[in-house]
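Report on the following structure.
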Amino acid sequence: MTTHGASLIDVARLAGVSTATAGRALGGYGQVSERTRERVLAAAAELGYRPNSLARSMITGSTNTIGVVVTDVANPFFATALRGITDVTSPAGFEVLLANTGGELSSEQRAVTVMSEKRVDGMIVAAARPGEGAHLKHAMDAGVPVVLIDRQVSGVPDADSITVDNDHAAAEAMEHLLELGHRRIAVITEAGGQLARVRSGNRRRGLFPSAVRLRGYVNALDAAGLAVDSALVASARYDRSSAYDAMVRLLDLADPPTAVLCTDNVLASGAYRAAQDLGLRMPAEVSLIGFDDEPWTTLVRPELTIVEQPTYDLGARAGRQLLTRITATGHQRPQHIQLRAKLVARGSTVPR
DNA sequence: AGCGCTAGCAAGTCGCTACG
DNA sequence: CGTAGCGACTTGCTAGCGCT
C-alpha cells in the first residue's frame, strides 16, 4: 500500500488470487471465472482500488491521451472544434490534454515538448507560425503522430492536415458582395502586411487562413477587373479593439468603402461595434461580412452575413484521423483534407 | 477454460568499485 | 578523498507461457 492507496498486489492478496488474475478481472482481458471476478471486484471495492495508469502505460506503451494545441481557446472556432475532437476521441477511450498558445511560437514549442514528455499518443495542432515546424517534426520523428488543423505548416511533410478551403471561402464572400453591386470593397485582416507576398502568387503552402482569405479577396477583385486599392486593405492585430480602430480608419476615408470583409470572427465583432458607435446605418451605408456562425451574429441587428466554416466537422475529422494514425502500423502517405465553407447571407449585406 | 509465475516495460535512484 | 562509471534495484502492471 503506497501513499496513493491500494495497488493490484493488495487487491490480489485480499481476494486470494495472483496479481495476474486480479489484473485480468479488473482490466477485462484474458480469462477469469465469474466467481473469481466477483471476489476480485469486491476486494477492489473494499480497498478503494484505483488502477495506476502510469504503471499500465509503462508496459502498454500508450497513455490513451492526446494533446490538443490551439492558439486561442476563447475563440468559439476552436472551442467548437475541440468539441468535435472530444466527441470522437472520448468514446475511443482517449483523454485530451489542452494547451493554449496565444499564437506564441515559444508557447507552442513548450506545449509540444511537455506533451511529448507526458507521452501523449498523438497531437492535434493549430499552429502559431506557418513556417515553423521543426518542433512538430521532432515529435513526429519520435513516433508521435501529428494532425494539423486550420493551418498548414511547412517542414512537417508527414503530418496530416484538416483545413478549410479558404480560397473558396473568400471567393464566396467576394462574389456575394460583387453581385450586390459593391465596387469599393475593403478588407480588415491580420495578414495586411503580407499583401505584396500574397499578390505575387507564389507560396501555396505556408499561408495562414487570414492570408489565404486576403489572397481570395485580391483574386476576386482581379477577376472582376477591379484594382486593388491599398487604402482599402486595413491591417489589424488579432483582437477586437484593433479591428475597431481599423474600421474607424476605413470609414474616415474621403472615399470610404461601401462594403467591408473581415477575415475572421474576432475582427468582425470589432468592426461591427465600430460601425455602430460611429452611428453609421448598417447596411444602408456600409455592408459588413465576417466569418463563423457565432451566436452574436444573429443576436445583433442587422444580423451579420457570414461565411460559415464547418468548425465542428473540422475537429471531428481531425480526431478521427488521429485515431487511425495511432492505431495504424507502418508508414502511410499523409492526408490533406480540405473542407468547404458556405456563405450565409443575412441582413448586414445589401445591394449597392 | 482458468489460473499462476515471471519477465520486462521506462526512467530513474542508489550504492559499490576503481581510479586519479 | 572525491568522483566517474556502472550494475542493481525500484515502481505497478500486463503479456506470454505453462500448468492443472
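Every chain is numbered from 1, with letters handed out A, B, ... down the list of sequences. Since the structure is predicted, the reported quantities are computational estimates derived from the model, not experimental observations.
- A distance of 6.5 Å separates CZ in A:Arg249 from CG in A:Asp245, rounded to the nearest 0.5 Å.
- The A:Thr36 side chain lies nearest to B:dC3 when the options are B:dG4, B:dC3, C:dC13.
- Residue A:Ile59 contributes atom CD1, which lies 14 Å from atom P of B:dA11 at whole-angstrom precision.
- For the 3.5 Å distance criterion, the side chains of A:Tyr244 and A:Asp239 fail to qualify, holding no donor opposite an acceptor.
- Counting only heavy atoms from C-beta on, A:Arg24 has its side chain closest to B:dG4 among B:dG2, C:dC13, B:dG4.
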Next on the checklist: Would A:Ser210 and A:Thr263 count as a side-chain hydrogen bond (donor to acceptor under 3.5 Å, both in side chains) here? Give the steps.
Outcome noted: CA-CA 6 Å; A:Ser210 53; A:Thr263 58; 5.2 Å; no
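- For the atom pair CD (A:Gln321) and CD1 (A:Ile149), the distance works out to 13.0 Å, reported to the nearest 0.5 Å.
- In this entry the distance linking NZ of A:Lys118 with C1' of B:dA11 reads 14 Å, nearest Å.
- In terms of phosphate contacts, A:Thr21 brings no side-chain nitrogen or oxygen within less than 4.0 Å of OP1 or OP2 of B:dC3.
- Side-chain nitrogen and oxygen atoms of A:Gln31 include none within less than 4.0 Å of the OP1 or OP2 phosphate oxygen of B:dA1.
- Residue A:Ser33 has a polar side-chain atom (N or O) positioned under 4.0 Å from OP1 or OP2 of B:dC3.
- Distance, A:Arg13 CZ to B:dG4 P: 14 Å, rounded to whole Å.
- The A:Asn52 side chain lies nearest to C:dG12 when the options are C:dG12, B:dC5, B:dA1.
- Comparing C:dC13, B:dC3, B:dG2 against the side chain of A:Val32 picks out B:dC3 as the nearest.
- Rounding to whole angstrom units, CZ of residue A:Arg37 and C1' of B:dG2 are separated by 11 Å.
- The side chain of A:Tyr49 places an N or O atom within less than 4.0 Å of a non-bridging phosphate oxygen (OP1 or OP2) of C:dC13.
- Separating the CG atom of A:Asn64 from the P atom of C:dT14 is a distance of 12 Å, rounded to the nearest angstrom.
- Spacing between atom CD1 of A:Ile9 and atom P of B:dG4 amounts to 14 Å, rounded to whole angstrom units.
- Residue-to-nucleotide contacts include no donor-acceptor pair under 3.5 Å from the side chain of A:Arg35 to the base of B:dG2.
- Of the residues near DNA chain C, A:Ala55 and A:Ala20, the one whose nearest nucleotide (by heavy atom distance) lies more toward the 5' end is A:Ala55.
- Taking atom CG of residue A:Asp10 and atom C1' of nucleotide C:dG12, one finds them 11 Å apart after rounding to whole Å.
- Checking B:dC3, C:dC13, B:dC9 against the side-chain heavy atoms of A:Met58 singles out B:dC9 as nearest.
- For the residue pair A:Thr349/A:Thr305, the side-chain donor-acceptor check at 3.5 Å is satisfied.
- Between A:Arg119 and the phosphate of B:dA11, there is a side-chain N or O to OP1/OP2 separation shorter than 4.0 Å.
- Between the P atom of C:dT11 and the CZ atom of A:Arg50 lies a distance of 23 Å, rounded to the nearest Å.
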